[in-house]
Amino acid sequence: MSGAREPATLFEAARACLDAAGVDDKIVLTRRHAAAFAAGGLPVPRQAPPPRPIRMPGRPPRPRMVHPRELPRRGLGTGEGRAAFIHAIAHIELNAVDLAWDAAYRFRGMPADYYADWVRIADDEARHFLMLRERLRALGHEYGDFDAHNGLWEMCEKTAHDGMARMALVPRVLEARGLDVTPGMIVKLRAQGDEAMAAVLEVILEEEVSHVAAGSRWFRWHCERAGIEPEPKFRELLADYARAVLHGPFNVDARAAAGFSEEELAALRELS
Ligand SMILES: [Fe+2]
Ligand SMILES: [Fe+2]
């Protein structure tokens, strides 16, 4: 990171965060560039060259990436199991930093509010990662100690050509999964007396509603611009891309707060 040129635009800043391989580099750069953007620095150029291809964002040498089937299932009952669980969520948050920067980097010519949303979300995800790493360290572990998988970035790549599909499938399917499963995790952790981790997940859950809501807002924006009805389009995108990753039950209240219509909730139930 030292000696790196300061970015002149938001796109350069987003790319620097995507490319950063060290965990601390990615997190520190994300927080710094998000603060600079919020303070009015890092303009979004109207005429910018197209994004350069990204094969894979920068990643640390560990964790080792494995097929999801190879990840051992552990209960929360042991310290090791709880550490593996926290590690899995920390990994999702670190991926979510890249997903948010990619949304800002890849899609050009969007309204100013679009970029403001995804920069704010990248910063939230960096903060979520730090909160989880602190819990992991309290259990004597470090990020990288357990294996992980690359499913989130894979969906990012599949939707790289189409901002509408990206908004439908990354925030509204993958991120939204957190809304469904987190309340149950909070109950379990609290029952085991892990108040600190339960409190972290409560903060994350609340903030994730706003991330999924941003996905809903920009999915609808794309539909409106293209003159497409959002509900049938959402159903079609789910069927084309997401069947394998749709799992109920769905948290209807949180999803309604995040901009899902009745019709979209019905499509989720039918296709899962
Ligand atoms: Fe998050
Ligand atoms: Fe998120």
Side-chain angles (χ1 to χ4, degrees), residues 14 17-18 20 23-24 26-31 33-35 37-38 57 59 63 85-107 113-136 143 148-156 159 163 165-186 189 196-219 242 245-247 250-251 253-260:
C17 293
L18 283 161
V23 171
D24 287 302
K26 194 181 285 291
I27 297 297
V28 168
L29 274 184
T30 293
R31 305 229 60 195
H33 292 333
F37 179 81
R59 290 287 166 76
F85 163 77
I86 298 170
H87 189 278
I89 307 176
H91 179 69
I92 290 171
E93 298 292 350
L94 190 68
N95 271 260
V97 172
D98 285 325
L99 264 42
W101 282 125
D102 191 80
Y105 176 72
R106 194 179 300 264
F107 301 105
D113 284 353
Y114 172 87
Y115 298 105
D117 273 347
W118 291 104
V119 175
R120 170 184 61 83
I121 292 170
D123 193 46
D124 283 355
E125 308 297 16
R127 205 160 28 76
H128 296 171
F129 175 82
L130 291 173
M131 291 192 292
L132 290 161
R133 189 169 68 176
E134 195 182 310
R135 299 321 312 151
L136 197 55
Y143 178 68
H149 71 82
N150 197 31
L152 291 171
W153 182 255
E154 285 163 13
M155 184 65 98
C156 207
T159 55
R166 168 65 64 84
M167 292 296 113
L169 296 162
V170 173
R172 306 191 87 212
V173 173
L174 298 184
E175 277 195 277
R177 178 82 183 130
L179 306 185
D180 304 328
V181 299
T182 307
M185 292 173 181
I186 292 171
L189 288 160
M197 184 59 192
V200 165
L201 288 189
E202 269 174 352
V203 172
I204 290 178
L205 177 59
E206 194 185 315
E207 295 185 351
E208 290 301 330
V209 172
S210 83
H211 302 179
V212 179
S216 295
R217 186 156 60 244
W218 295 108
F219 172 63
V245 294
L246 283 184
H247 304 283
F250 301 99
N251 182 341
D253 291 345
R255 282 180 179 263
F260 282 80

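Whatever order the structure lists ligands and atoms in, that order sets their numbers, starting from 1.
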- Shortest non-hydrogen contact from C17 to K26? O-NZ, 3.0 Å
Taking both backbone and side-chain atoms into account, decide whether [X] has an N/O/S atom under 2.8 Å from the Fe ion (ligand 1).
| X | value |
| --- | --- |
| E207 | no |
| H211 | no |
| E208 | yes |
| E175 | no |

- Task: Using only N, O or S atoms, tell me which atom of E125 is closest to the Fe ion (ligand 2).
- Result: OE2
- Query: How is the N/O/S atom of H128 that comes nearest to the Fe ion (ligand 1) named?
  - Reply: ND1
- Item | Nearest to the Fe ion (ligand 1) - the N/O/S atom of E93, by atom name | OE1
- Salt-bridge contact D124-R127 (side-chain N to carboxylate O under 4.0 Å): yes
- Item | Ion pair check, R217 and D113, cut-off under 4.0 Å | no
- Query: Which class fits the ring pair H91 and H149: parallel under 30°, tilted 30 to 60°, perpendicular over 60°?
  - Reply: perpendicular
- Classify the ring geometry between F129 and Y143 as parallel (under 30°), tilted (30 to 60°) or perpendicular (over 60°). perpendicular
- For V200, the option from I186, I86, L132, I89 that meets side-chain contact (heavy atoms from CB on, under 4.5 Å): L132
